[in-house]
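Only one structure is covered here, and it is reproduced in the block below.
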Amino acid sequence: MEPAGGAPRESAGAEALLGELEARVQEVVRASSWWERHGVDCAILALSLFALPPGFLCLRSDRPLVFALGIIILGVCHYTLTVKGSHLATHGALTESRGWSKVWTLFFVEVCTSFTAEYAKYGHVKMHHGYTNVLGLGDSSTWRLPCLNRYVYMFLAPLLIPIITPLVAVERLREVELRTALRTLGLISLGLYSQYWLLLNVSGFQSPGSALACMLITRSLLAHPYLHVNIFQHIGLPMFSPDKKPRRIHMMSLGVLNLPRLPVLDWAFGHSLISCHVEHHLFPRLSDNMCLKVKPVVSQFLHEKQLPYNEDSYLARFRLFLQRYEEFMVQTPPITELVGLQ
């Protein structure tokens with residue numbers, strides 16, 4: 001039998017480990033400049049905004065290569081603003097000002113991403129981060145569509161993300177105050193109509209249908225890796241029950257996985273969603289650049305304490321999900337119990 005008081009001792013040990021890691025990370029953060037803490041990521045987002053006019057102008061060209069360049073510029077900029085920008089803004093990692101943090105959240109989440117800021121914070125920050133891989137709470141189950149087979153899900157379903165996102169946002173508005181709903185509808189409409197208007201009046205598209213088709217193409221450019229990354233880094237890893245979830249440091253080291261650095265995805269999605277996802281879940285208020293900077297500290301600490309530090313390649317996870325799609329994406333995942341660590 002486990003001695004009385006064993007669980008509190010385990011809990012204290014886990015809290016001590018997390019406290020030691022936090023102290024090491026905070027030492028790095030305090031020694032970092034504003035440019036490292038916020039400036040690098042703000043500069044990437046600013047460059048993406050400045051690149052939009054050349055992208056729209058490239059679409060005026062009759063030359064296929066220039067036109068294709070415009071599609072690529074707008075597509076990459078769209079995902080940089082909507083994924084990287086929204087993710088950092090939602091976590092308050094772009095600025096230390098609460099007022100500006102609210103402004104950036106509304107701009108990146110509602111204007112650029114066509115989603116609702118309130119539900120982004122609730123679903124991602126409160127539930128996914130608060131209950132990472134806990135069944136029924138933060139287990140990434142919103143990404144499961146059991147009605148689809150593996151090939152439809154992995155290859156075709158991502159193309160629907162630009163259409164589904166605003167529809168889900170509108171559906172969620174039933175749960176908020178009327179004033180908030182009207183604000184969200186106005187900002188989402190502003191973002192969608194702005195791109196539509198620019199395609200017609202700056203890029204020179206001759207019909208509404210062609211402008212809408214271009215919007216769909218640019219907003220789908222990186223939809224496949226976006227969907228894949230969201231399932232690769234949690235699903236297939238240990239899952240926990242709500243009443244027996246482990247302490248935070250064990251939950252994050254067991255239930256989160258890092259992918260290797262991938263230049264395009266690092267730029268458009270951010271390090272915290274690609275190669276520093278473990279670091280991001282342990283320290284969600286750090287910017288992408290700071291997650292990358294503290295990565296060696298976190299990795300070394302977890303290895304020192306003989307805790308998991310999950311890493312795998314994009315292609316390896318892709319093959320694994322195709323092979324075990326039914327197990328990962330259709331069936332209810334088995335619960336992992338860690339004796340003494342709940």
Side-chain angles (χ1 to χ4, degrees), residues 71 75-76 78-79 82-83 86-87 113-115 120 123-124 127-129 131-169 171-172 213 216-241 251-252 254-266 268-270 272-275 277-278 280-281 308 310-336:
I71 293 289
V76 172
H78 171 76
Y79 276 87
T82 60
V83 179
S86 293
H87 189 231
T113 311
S114 303
F115 202 63
H124 183 74
M127 299 305 295
H128 177 61
H129 275 268
Y131 302 93
T132 300
N133 283 29
V134 176
L135 287 178
L137 295 171
D139 60 352
S140 302
S141 59
T142 53
W143 294 100
R144 289 189 172 95
L145 291 173
C147 58
L148 302 181
N149 69 48
R150 68 195 68 199
Y151 300 106
V152 171
Y153 183 89
M154 298 294 280
F155 295 102
L156 297 179
L159 299 174
L160 296 177
I161 289 176
I163 298 172
I164 293 173
T165 300
L167 295 179
V168 172
E171 191 274 332
R172 298 294 182 188
L216 181 61
I217 292 170
T218 56
R219 289 168 177 255
S220 302
L221 191 69
L222 297 177
H224 287 81
Y226 174 69
L227 173 62
H228 297 161
V229 163
N230 274 284
I231 62 175
F232 289 171
Q233 293 182 315
H234 294 285
I235 296 175
L237 298 173
M239 294 283 172
F240 314 106
S241 65
M251 183 191 298
M252 301 312 176
L254 285 164
V256 187
L257 176 141
N258 283 346
L259 297 170
R261 295 192 65 176
L262 301 165
V264 174
L265 300 188
D266 284 344
F269 295 174
S272 61
L273 290 179
I274 305 298
S275 61
H277 204 51
V278 174
H280 169 63
H281 267 262
N310 298 310
E311 296 179 288
D312 205 356
S313 72
Y314 188 103
L315 288 178
R317 297 297 286 176
F318 187 84
R319 287 194 293 266
L320 182 67
F321 270 72
L322 280 181
Q323 293 166 1
R324 302 172 64 180
Y325 179 82
E326 293 286 329
E327 176 186 348
F328 288 167
M329 303 300 293
V330 178
Q331 300 171 9
T332 302
I335 292 174
T336 299

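Values reported hereafter were calculated over all heavy atoms of this structure, with side chains retained and with hydrogens, waters and symmetry mates removed. Only a predicted model underlies this, so the values are computations on that prediction, with no experimental measurement involved.
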*Just jot down the salt bridge (charged side-chain N to carboxylate O under 4.0 Å, His left out) partners of E326, sequence neighbours excluded, or say none.*
none

*With sequence neighbours excluded, tell me which residues meet salt bridge (charged side-chain N to carboxylate O under 4.0 Å, His left out) with R150.*
none

Taking all heavy atoms of [X] and all of [Y], pick out the closest pair and write down the distance.
X    : Y    : value
R317 : I235 : NH2-O, 3.0 Å
H224 : P158 : CD2-CG, 3.6 Å
H234 : G255 : ND1-O, 3.0 Å
S86  : T113 : OG-OG1, 2.7 Å
Q233 : L273 : OE1-O, 2.9 Å
H277 : L257 : CB-O, 3.6 Å

Using side-chain heavy atoms (C-beta onward) and a distance below 4.5 Å, is [X] in contact with [Y]?
X    : Y    : value
I71  : T218 : yes
I163 : L216 : yes
L254 : L237 : no
L221 : V76  : yes
M251 : V134 : yes
L320 : F328 : yes

Quick check: does any side chain N or O of [X] sit under 3.5 Å from a backbone N or O of [Y], one acting as donor and the other as acceptor?
X    : Y    : answer
D266 : R261 : no
S313 : A316 : yes
N133 : M239 : no
N310 : V256 : yes

Could you state the interatomic distance from [atom1] ([X]) to [atom2] ([Y]), rounded to the nearest 0.5 Å?
X    : Y    : atom1 : atom2 : result
N230 : I161 : CG    : CD1   : 8.0 Å
L227 : L222 : CG    : CG    : 12.5 Å
R219 : T82  : CZ    : OG1   : 8.0 Å
Y314 : R319 : OH    : CZ    : 12.5 Å
H124 : T142 : NE2   : OG1   : 11.0 Å
S141 : H128 : OG    : NE2   : 11.0 Å

*Scan side-chain atoms only and decide if H281 and T132 contain a donor-acceptor pair under the 3.5 Å cut-off.*
yes

Students often mix this up, so state it plainly: with edges at 30° and 60°, are the rings of [X] and [Y] parallel, tilted or perpendicular?
X    : Y    : value
F269 : Y79  : tilted
F232 : H228 : parallel
Y153 : Y325 : tilted

*Do F155 and F318 make the cut of ring centroids closer than 6.0 angstrom?*
yes

